[in-house]
Amino acid sequence: MTDLKAAALLAPDSYSVIYQLANTEYTLENYSDAKTDFSRLQRLNNRTPEPYIGLARIAVKENNLGTANELLAQAVNIDPNNADIYVRRASVRGLMGDHNGAVDDLILALSSDNKNQRAMQELVEYGNTNYPAAMAGLTNAITQAPQVGMFRYLRAGIAQAHYHYLAAIEDYKTILDQKLYNYHGIYASIAECQFALGQYDEALSNIDYALGMIRDNASYFCLRSQILRTVGRNDEAVKAAADALAVDRQSCDALVEMALAYIGIQNYEEASNLLGEAMLTNAEEARYPMLRAWVMEKFLNKASAAQQLYRNVTEMDHYYIDNPRSLKGFALLFLGETEQATRWMENILKTVKDYDGLIHYYGACFYAQADKWEKAMDCAAKALDLGYANYYQWDKLNDGRITVAPLRDDLKFLNLLSRHNSIFGIK
């Protein structure tokens with residue numbers, strides 16, 4: 001602020017200086033000065049939308065929504081053919097709580113510029129924070145423009161990212177059936193969805209088709225290896241994992257998949273080494289030391305080494321420490337620090353918004369591993385009610401200790417899955 005104010009004194013008619021000053025004042029919640037400086041921008045150049053957007057944001061903060069809408073309309077009228085103006089308006093509409101309007105603006109931006117990365121990113125983010133609004137907006141866009149494959153592709157991708165695999169597959173297949181796109185990534189995405197739904201033969205067929213179109217994609221070989229491991233074809237899984245590493249020797253996903261494939265053929269030492277290499281490649285990912293600890297403990301009889309790896313996970317400096325992906329509570333649990341571990345999980349379930357069931361799936365895994373059956377079942381029911389449709393994870397996943405495996409012999413759990421067959425496409 002000190003430098004910007006000094007610059008404004010030296011160049012009182014500099015648009016860029018006043019613009020930075022006004023935005024900084026807004027960020028610091030000094031709305032009165034920000035309003036003054038955005039108004040100065042209007043006087044310097046009234047044919048640019050920035051001051052109107054800035055004043056609209058301030059009007060929202062002051063709860064003057066009518067004024068905000070008027071200012072947004074003026075901003076759009078200045079440059080109606082520029083896709084970015086609709087992205088800007090979307091951000092203010094989101095601030096106003098008009099999420100449907102914001103999504104409509106992002107789709108409008110993509111309609112005029114289908115390569116607008118900011119619009120795509122913000123639409124995907126809406127899928128994370130307001131899934132119904134994102135899907136409703138895209139569905140409306142598809143209804144109005146059914147031959148625009150991008151809208152179906154975005155809707156499918158957002159549905160897949162939130163574990164609604166049946167809806168994603170339907171859109172991906174429509175894209176192919178209507179010949180809107182013929183892209184290897186669509187076949188791979190269908191394979192990912194089918195694998196998650198437990199449709200292993202179909203998934204293998206689609207990932208093989210994608211690999212028939214392009215051979216230098218490590219993630220495709222990783223998925224092929226994972227499918228083969230799941231159906232017990234371990235030697236072939238090792239070959240597919242080796243193919244993934246041949247494409248990208250530095251891929252952590254490929255290193256981990258090769259390690260898990262080696263476990264399938266009982267080569268535990270090499271599996272541990274590969275997981276160690278993944279840890280060195282990405283020291284911030286908690287999953288790798290957790291998997292290596294499991295290998296050390298279960299297969300190599302190195303309990304003390306496993307305990308040290310769990311301790312390392314508890315000491316990792318995660319920006320998402322209160323997110324289950326940090327795995328801190330699991331590591332504490334496996335160290336025997338049950339009380340602290342339980343507080344971690346309870347805090348997450350209490351404070352983190354669960355949009356799609358993922359949080360409660362982690363809760364089910366945690367309480368299953370902690371032998372707290374009632375809480376595990378409660379979390380599993382909530383995850384399934386929210387549509388967490390990864391049947392592979394519910395039914396098959398045994399890699400490591402962050403699974404619901406202890407529940408699978410419980411008839412109540414099996415009945416719970418059966419009651420949710422519709423989300424898995426099981427009739």
Side-chain angles (χ1 to χ4, degrees), residues 4 13-29 31 33-130 133-145 148-155 157-158:
L4 285 168
D13 294 329
S14 168
Y15 188 93
S16 63
V17 169
I18 306 305
Y19 180 66
Q20 291 182 67
L21 179 60
N23 276 304
T24 304
E25 290 163 340
Y26 174 84
T27 301
L28 294 173
E29 300 182 5
Y31 300 129
D33 287 350
K35 184 188 291 186
T36 298
D37 285 321
F38 278 122
S39 297
R40 286 174 67 187
L41 287 179
Q42 279 184 308
R43 293 192 294 274
L44 288 171
N45 185 352
N46 64 1
R47 296 305 303 161
T48 183
E50 279 83 2
Y52 296 94
I53 296 291
L55 289 168
R57 287 155 58 200
I58 294 169
V60 173
K61 293 294 185 181
E62 295 174 341
N63 205 30
N64 294 323
L65 301 188
T67 300
N69 278 317
E70 291 173 6
L71 288 162
L72 290 173
Q74 289 177 276
V76 170
N77 286 336
I78 289 171
D79 197 6
N81 296 318
N82 184 348
D84 285 335
I85 192 60
Y86 299 103
V87 178
R88 303 284 298 283
R89 186 169 70 178
S91 69
V92 182
R93 283 181 161 176
L95 198 63
M96 295 166 67
D98 180 11
H99 301 297
N100 289 324
V103 169
D104 288 344
D105 268 341
L106 294 172
I107 290 171
L108 188 57
L110 287 169
S111 297
S112 57
D113 176 11
N114 62 14
K115 295 182 180 179
N116 192 301
Q117 290 297 312
R118 185 177 171 191
M120 287 187 187
Q121 289 166 1
E122 295 199 11
L123 190 57
V124 169
E125 182 59 30
Y126 254 103
N128 294 334
T129 58
N130 195 322
M135 298 305 277
L138 284 165
T139 298
N140 183 55
I142 291 166
T143 300
Q144 296 184 37
V148 178
M150 174 187 58
F151 294 140
R152 273 194 195 277
Y153 190 71
L154 282 169
R155 188 171 71 172
I158 292 171

For residues [X] and [Y], report the shortest heavy-atom separation together with the two atoms involved.
{"X": "Ala75", "Y": "Pro49", "value": "O-CB, 3.8 Å"}
{"X": "Arg93", "Y": "Gly101", "value": "NH1-O, 3.4 Å"}
{"X": "Gly127", "Y": "Ile158", "value": "CA-CG2, 3.8 Å"}
{"X": "Pro51", "Y": "Leu41", "value": "CB-CB, 3.8 Å"}
{"X": "Asp104", "Y": "Gly137", "value": "OD1-CA, 4.1 Å"}

> Are the side chain of Asn23 and the backbone of Tyr19 linked by a donor-acceptor contact shorter than 3.5 Å?
Replying inline: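 Confirmed, Asn23 side chain pairs with Tyr19 backbone.
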
Roughly how far, to the nearest 0.5 Å, is [atom2] of [Y] from [atom1] of [X]?
{"X": "Met150", "Y": "Ser111", "atom1": "CE", "atom2": "OG", "answer": "6.0 Å"}
{"X": "Asn128", "Y": "Glu122", "atom1": "CG", "atom2": "CD", "answer": "12.0 Å"}
{"X": "Ile53", "Y": "Gln74", "atom1": "CD1", "atom2": "CD", "answer": "10.5 Å"}
{"X": "Leu65", "Y": "Asp98", "atom1": "CG", "atom2": "CG", "answer": "9.5 Å"}
{"X": "Leu95", "Y": "Ile58", "atom1": "CG", "atom2": "CD1", "answer": "11.0 Å"}
{"X": "Gln42", "Y": "Ile18", "atom1": "CD", "atom2": "CD1", "answer": "13.5 Å"}

>> Applying ring pair (Phe, Tyr, Trp, His ring centres under 6.0 Å) as the test, list every pair that has at least one member in residues 40-68; sequence neighbours left out.
In response: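 Listed by first then second residue: nothing to list.
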
>> Under the ring pair (Phe, Tyr, Trp, His ring centres under 6.0 Å) definition, can you give me all pairs with a residue in residues 96-130, not counting sequence neighbours?
In response: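 Qualifying pairs: His99-Tyr126.
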
Checking [X] now: which residues fulfil side chain to side chain contact (heavy atoms under 4.5 Å, CB included) with it, not counting sequence neighbours?
{"X": "Leu4", "answer": "Gln20, Leu21, Thr24"}
{"X": "Gln121", "answer": "Gln117"}
{"X": "Thr36", "answer": "none"}

> Given Leu72 and Met96, is the side chain to side chain contact (heavy atoms under 4.5 Å, CB included) satisfied, shown in steps?
Replying inline: CA-CA 12 Å; Leu72 290 173; Met96 295 166 67; 4.2 Å; yes

> Between Val124 and Met120, is any pair of side-chain heavy atoms under 4.5 Å apart?
Replying inline: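 No; the side chains remain at least 4.5 Å from each other.
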
> Any side-chain heavy-atom pair from Ile107 and Val103 closer than 4.5 angstrom?
Replying inline: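 The answer is yes; the side chains approach within 4.5 Å.
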
>> Pair Thr67, Leu71 - check side chain to side chain contact (heavy atoms under 4.5 Å, CB included), show working.
In response: CA-CA 6 Å; Thr67 300; Leu71 288 162; 3.8 Å; yes

> Which of parallel (below 30°), tilted (30 to 60°) and perpendicular (above 60°) describes Tyr31 and Tyr26?
Replying inline: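 Plane angle between 30° and 60°, so tilted.
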
Only pairs under 3.5 Å count here: list side-chain donor-acceptor contacts from residues 77-88, not counting sequence neighbours, and write none if there are none.
unit_1, atom_1, unit_2, atom_2, d
Asn77, ND2, Ala73, O, 3.2
Asp79, OD2, Asn82, ND2, 3.0
Asn82, OD1, Asp84, N, 3.0
Asp84, OD1, Asn116, ND2, 3.0
Tyr86, OH, Pro80, O, 2.7

